[in-house]
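One structure below.
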Amino acid sequence: MLVEVVDDYEAMSDRATEVVTEQIRKKPDSVIGFATGGTPKGLYNRLIDAHENRGLDFSKVTTFNLDEYVGLPPEHEQSYAHYMWSNLFDHVNVNPGRVHIPQGMANDIDEHCQWYERRIEEAGGIDLQILGIGANGHIAFNEPGSSLGSRTRIKTLTTKTVEDNARFFDDPEMVPEYAITMGVGTIMEAKTVLLLASGERKAQAMKKALEEPLTAMVPASMVQMHRSAHVIVDDEAASQFDYRHHHGIAEPKD
Ligand code: F6R
């Protein structure tokens, strides 16, 4: 596991941009897994800049997003489809036919989840999966207790997530109670996983994910089993580590 500790959010975003850019330059038809949320926004802004000013070409890239709310159409402002198009895809030359985001409005959700898994396989698997981490250790919508072997499926959102989300919806009827999410097992099949974390709020989760025993109660701890995990954290997110991590070696702090 390659762990890089950098100064702050900006440095984390810069470094993540180098990793993603290098992947696409090395393999123009890369399959990239994308995450939503606050963490990768700096990365996405920089990828847009690399496309506009340094010729980074997305035309052959295939994308798969981690998750989506059930019941929200892609044009809904709170949908992850809307997030991806407005924060990245609308601003680069990605081929819309190569973009995959779980469909929250699918008629048969189970069938759709199986189709999503098949599409990943047919695309040759995910080369680089970008991940954020929840303060409770979740990855995608795999909350604590999720099977570490899980596949793409529908999950009930935690009461806290439903409550937190309510403020973004004018109509309480629209607040999602379910999401479609890639499973921990699906995510771990990516050839490389790139886990990003910034800020004090993530410090405890990062400590548990990297330095404590692997457990379904901290789904992100599954990165310990991955053969090519790349972690980029800033000083605040690294502040609870007992060990100093650098390039795969964990040494006790003095
Ligand atoms: C979203 C996702 C989530 C977030 C996590 C961190 O696609 O996979 O697991 O990565 O909740 O969210 P932020 O980045 O907003 O702190």
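Just follow the structure's listing: the first ligand is 1, and inside any ligand the first atom is 1. We count residues from 1, following the sequence as given.
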For [atom], tell me which residue out of [options] has the closest non-hydrogen atom.
atom	options	result
atom 7 (O) of ligand 1	T39, L66, D67	D67
atom 6 (C) of ligand 1	I133, T161, N136	I133
atom 3 (C) of ligand 1	A140, G38, G37	A140

### Query
Do F169 and H76 have ring centres separated by under 6.0 Å?
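Between F169 and H76, the centre distance is under 6.0 Å.
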### Task
Would you please indicate yes or no on a ring centroid separation below 6.0 angstrom for F141 and Y178?
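Centroid distance Y178-F141: not below 6.0 Å, so no.
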### Task
May I ask you to test the L66-T36 pair for a side-chain heavy-atom distance under 4.5 Å?
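Of all side-chain heavy-atom pairs linking T36 with L66, none is under 4.5 Å.
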### Sidechain-backbone polar pair: N93 side chain, F58 backbone, donor-acceptor under 3.5 Å
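Looks like yes, one N/O pair under 3.5 Å.
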### Task
On the 0 to 90° scale, with breaks at 30° and 60°, tag the H100-F64 ring pair as parallel, tilted or perpendicular.
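Aromatic pair H100/F64 classed parallel.
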To check your reading of the model: name the closest protein heavy atom to [atom], its residue, and the distance in Å.
atom	answer
atom 1 (C) of ligand 1	T36 OG1, 3.1 Å
atom 5 (C) of ligand 1	H138 NE2, 3.4 Å
atom 16 (O) of ligand 1	K202 NZ, 2.6 Å

### G132: numbered ligand 1 atoms lying under 4.0 Å from its heavy atoms
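Here the atoms of ligand 1 in question are 10 (O).
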### Task
For R201, take its heavy atoms, then give the atoms of ligand 1 lying under 4.0 Å from any of them.
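Atoms satisfying the 4.0 Å criterion: 16 (O).
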### D67, I120, N65 screened by side-chain contact (heavy atoms from CB on, under 4.5 Å) with M182, the one that passes
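It is I120; the other options fail the test.
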